[in-house]
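I have placed the structure first, in the form of C-alpha cells, so that the comments after it can refer back to it.
Chain identifiers are assigned alphabetically (A, B, ...) following the order of the sequence lines, protein sequences preceding nucleic acid strands; residue numbering begins at 1 within each chain.
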Amino acid sequence: MIFVNKNTKVLVQGATGKMGAAHTKRMIAYGTQVVGGVTPGKGGTLVPDTKIKVYDTVKEAKDATGATCSVLFVPPYLALDAGVEAIEAGISLLVVITEGIPPQDTAKLVSYARLKGIRMIGPNCPGVITPGETLLGILPGMIFKPGPVGMVSRSGTLTYEIALALTDADQGQSTCVGIGGDPVKGMEYPEVLTAFNNDNDTEVIVLIGEIGGNAEEEAAQFVKQNVNKPVVAYIAGQTAPPGKRMGHAGAIISGGKGTAESKMQAMREAGIEVALTPSEVAEKVKKLRTQLVKK
Amino acid sequence: MQMVTSHIESDGAETNMNLYEWEAKRIFADWGISVPQSIRITREEELSKVNFDFPLTIKCQVLSGGRGKAGGIQFAKDLKEAQSLVGKLMAMTIGGSKTESLLIEPKVAIKHEMYLSVTMDRARGCPVYIAAKEGGIEIESNKSIITEPIPYPFQPYVARNLAKKMGLSGALLNKVASIAERLYKLFDQLDLDLAEINPLVITQSDEVIALDGKIIVNDDALGRQKMFDGWQEKHMADLPERERKAKKQGLNLVELDGNIGIICNGAGLTMATMDMVKNFGGNPGNFLDAGGGSDQEKTLAAIELVNENPNVKVILLNILGGITACDEVAHALVEFMKKNPKRSMVVRLRGNNQDKAEKMLADSGLKLFPDLENAVKEAVSKSKVAV
C-alpha cells in the first residue's frame, strides 16, 4: 500500500458543508481515522452526526490531533487559501476533492506544494483508498477489496467501474489513487508509479487514462525506463471527436494531439498491456498474476 | 518540447468562453497594451464615424479561426470601397461562426511581425510564455517558437528573459518585455486560459502594437470575474442548441452522428461507455456526462435532453452509484417513462440503494442490467432493429 494506511490521521477542511459532512461520515464508517474538521467560525462545534471536533484553523487542528493529511471539500474559490493554510500548518499530504478551481489558483497551489515538498493529490479527484485500511475522499469503499493491484487514474466513476471489474474477478487492490481530471494537478502518474514500483504489497499496476494532453505518453515512457512490475492500461475516449471537451477540463483532443490512439500506441511500445474494456482490464490482470506465480 | 496546449491551435471549438477580437483589444488597451485606433460597426451608414485616415482594414468579428484565409479581413482605399464591403462581410459565416460586427482600423504600416501569448502549460503545471520573433498566422508550424515558464510569484525579469530569448535588444527589448509583463498580469487577474497577440507588430514608426488579439476566459472563474457577468450567453451563440441548453443546466453534452443516446455519471465512464458501444458495433449519438453527484432533477433533465435528439433510437443510461444513489435515478426514470412510455431504453444501474431502484423500476416495465457489457450489447442490438 502507498501514501495512506490505517494509522493515517486525517483532517477534513470544509467538513461542515453538505458534501464535506456526508463524506466525513462515510470515511469514518469505512474506518478512516478522521481526527478533526476545519471550518473558520465553526470551531468548538462537531461535524454533523459525528463526534469529530471542528476547529477554526488548520494549525489549531493539527496541533490538537497530530494529523498528517488533509482532505479538502472547500468551495472552489477558497481552495487555494485552504491548501496553502494546510501546507503552512505542516500537513504532508493534501487531497483536493474540490471541482471547478480556476486553473490559475491550482497552478499557484501546485507550485507552493512543490516548493515545500508536499504531496498533493487532485484537484477534481475522487481521492485515495487503501482497501480495508483507509479511505480519503469520495470513492465508494464497498466496491474495493484488499489485494495486490495498484491503481492510478485520471477519472472518477470509470475508476469505480474498473475497480468493480477487478473485485468481481477476485483481484483486490493495494491502493487506488485518483489523480483527477484537471489539466493542472498536484500529482502526476510518475509519482504514483514510482510508489507502486517500490511497494511490496503491489504486484501489478493498473493505469487508467483518457484523451487530452500527453500525460499518458509520458507515463508510458516512464514505465519503460523505471517500472519493473507489469502494467495494464485502459484509455477512455477512443471515439471522442476532436476539439470537444469531454466533461473533464483536461479531456480534449486538440490539433490532432492527445488522441486515445496515440496514448495506446505509446503504452504498447512501452510493453504495457492495453485493455479495450473495463472487464478486459480484470482479465489481463488475472492472467499476468498467474504468470507471476509460475515464475 | 512540452508547450502544446489545448487552445493555441485554432480548432474553433473550445468550450471555454472565447472573446471577439474587439473585446480582447479593449481589454489589452485597459491594461496598457497599445492597439490600433478603431471603430466597431454593423451597418454601412456607421462608416461616417470613421475618424482616421484611409486606407482601412475591415475585419469580421467571429469566434472561429481561419478568418484571414476565408476572406474575413479586407482593405478599403476609400469610402466607396469600404461601403461596398460592409454588407458582404456582415453576411459572412466563418467556420460556423456568424459575423457579429466589423472592426475598422487604419491600415497599419508594418515593419515586422512577431507572436506573443500566455497560456497554461499542463505538463509543467504553470503558466508559460510562447513567443516567436518571426510571427505570422501559422504559429503551430513556426520553427522559431520560444517558450518561457512563468514561476509564481511573478517578477518582470521573466518577461525580459523572454524578450532576450526572442533575440531583441535595446529599446525594443524593453518595449516587448513591458507588453509581456502586462499580458501575464491580465492573464492572471482575469483568469484566462489564453491571452494571445498574433501578430504583435513593430510599425514603421517603431511602435509595438497588438494588431490582432485572442482571449479565452476560463469558465470555472466566471463566478468571480464580475466584468464578464452576462457575457456567456452571447459567446455561446455558435454552439448547437441542445449543447447550449445542456451547458445552462450544468450538464456536459457533445452530440455525435450515431443513434444510441448515452447518459452516464462521470466523464471517464461516459467516454468508456461510448467506446464500448462502438467496439460492439453500435454508433454513439452523443456524450452526456450528468456529473458525479447527480440527483433526480438533474438526471431527468439529462434524459429529456437526449430524448429531444431526433436521431436517437435508443437511450443507454449507465449509472454507477458512488455518490449518486440508484433510487434517485430510478425516481427520474419512472417519471420519464410515464411521459414517454414508448421510448426504447436500456438501463444499467449499480451501486448505492440498487435493490430499492430495482423494485421501483420493475413496475414501469424497465429491465435492469447490473453488468455494463450486457447493457451495451442490448443497446446496440436495439439500435439496429428497424422501426
Chain A contact via B:Glu243 - which portion, at a heavy-atom distance below 4.5 Å: side chain
Verify the neighbour count for atom CG of B:Asp229: are there more than 12 heavy atoms of other residues, nucleotides or ligands below 6.0 Å? yes
How many angstroms lie between atom CG of A:Leu158 and atom OG1 of B:Thr270, to the nearest 0.5 angstrom? 9.5 Å
Between B:Met274 and chain A, with a heavy-atom cut-off of 4.5 Å, which part of the residue counts as in contact: side chain, backbone, both or neither? both
CG/A:Asp182 to CG/B:Asp220 distance, rounded to the nearest 0.5 angstrom? 7.0 Å
Return the minimal non-hydrogen interatomic distance between B:Arg224 and A:Asp105, and the atom names on each side. NH1-OD2, 2.7 Å
Can you tell me which portion of B:Leu222 sits under 4.5 Å from chain A's heavy atoms? Options are side chain, backbone, both or neither. backbone
Within a strict 4.5 Å, meaning less than it, do heavy atoms of the A:Pro241 and B:Val254 side chains meet? yes
Considering all heavy atoms of both residues, which atom of B:Cys126 and which atom of A:Ala107 are nearest to each other, and what is their separation? CA-CB, 4.3 Å
Ignoring hydrogens, what is the shortest heavy-atom contact between B:Leu320 and A:Thr157? Give both atom names and the distance. CD2-O, 3.6 Å
Give a yes or no on whether the backbone of A:Gly237 and the side-chain of B:Asp275 come within a donor-acceptor separation of less than 3.5 Å. yes
Counting N and O atoms only, with roles assigned by atom type, does the side chain of B:Tyr152 sit under 3.5 Å from a partner on the main chain of A:Tyr112, one being a donor and the other an acceptor? no
Once rounded to the nearest 0.5 Å, what's the spacing between atom NZ of B:Lys278 and atom CD of A:Gln238? 11.0 Å
If one checks every heavy atom of A:Glu161 against chain B at 4.5 Å, the contacting part turns out to be both
Interface residues of residues 277-284 of chain A facing chain B - non-hydrogen atoms under 4.5 Å apart: A:Thr277, A:Pro278, A:Ser279
Between A:Gln104 and B:Phe187 (side chain of the first, backbone of the second, donor and acceptor by atom type, cut-off under 3.5 Å), is there such a pair? yes
Given heavy-atom pairs under 4.5 angstrom as the criterion, report whether the side chain, backbone, both or neither of B:Asp191 touches chain A. both
Which bit of A:Ile101 comes within less than 4.5 Å of chain B, counting heavy atoms only: side chain, backbone, both or neither? backbone
Salt bridge or not for A:Glu188 and B:Arg122, using N-O below 4.0 Å? no
So what's closer than 4.5 Å to chain B heavy atoms on A:Thr239: side chain, backbone, both or neither? both
Region of A:Pro103 in contact with chain B, defined by heavy-atom distances below 4.5 Å: both
For A:Leu164, is it the side chain, the backbone, both, or neither that has a heavy atom closer than 4.5 Å to a heavy atom of chain B? side chain
Assess, by modelled atom type and distance only, whether the side chains of B:Asn16 and A:Arg245 contain a donor and an acceptor separated by less than 3.5 Å. yes
Is atom CD of B:Glu241 surrounded by more than 12 heavy atoms (other residues, nucleotides or ligands) closer than 6.0 Å? no
Closest heavy-atom pair, A:Tyr234 versus B:Ala272, reported as atoms and distance to 0.1 Å, is OH-CB, 3.2 Å
Look at B:Pro153, B:Pro284, B:Gly223, B:Pro151 and state which one has the largest set of heavy-atom pairs under 4.5 Å with chain A. B:Gly223
With the threshold set at 4.0 Å, does a side-chain nitrogen-carboxylate oxygen contact exist between B:Asp289 and A:Lys244? no
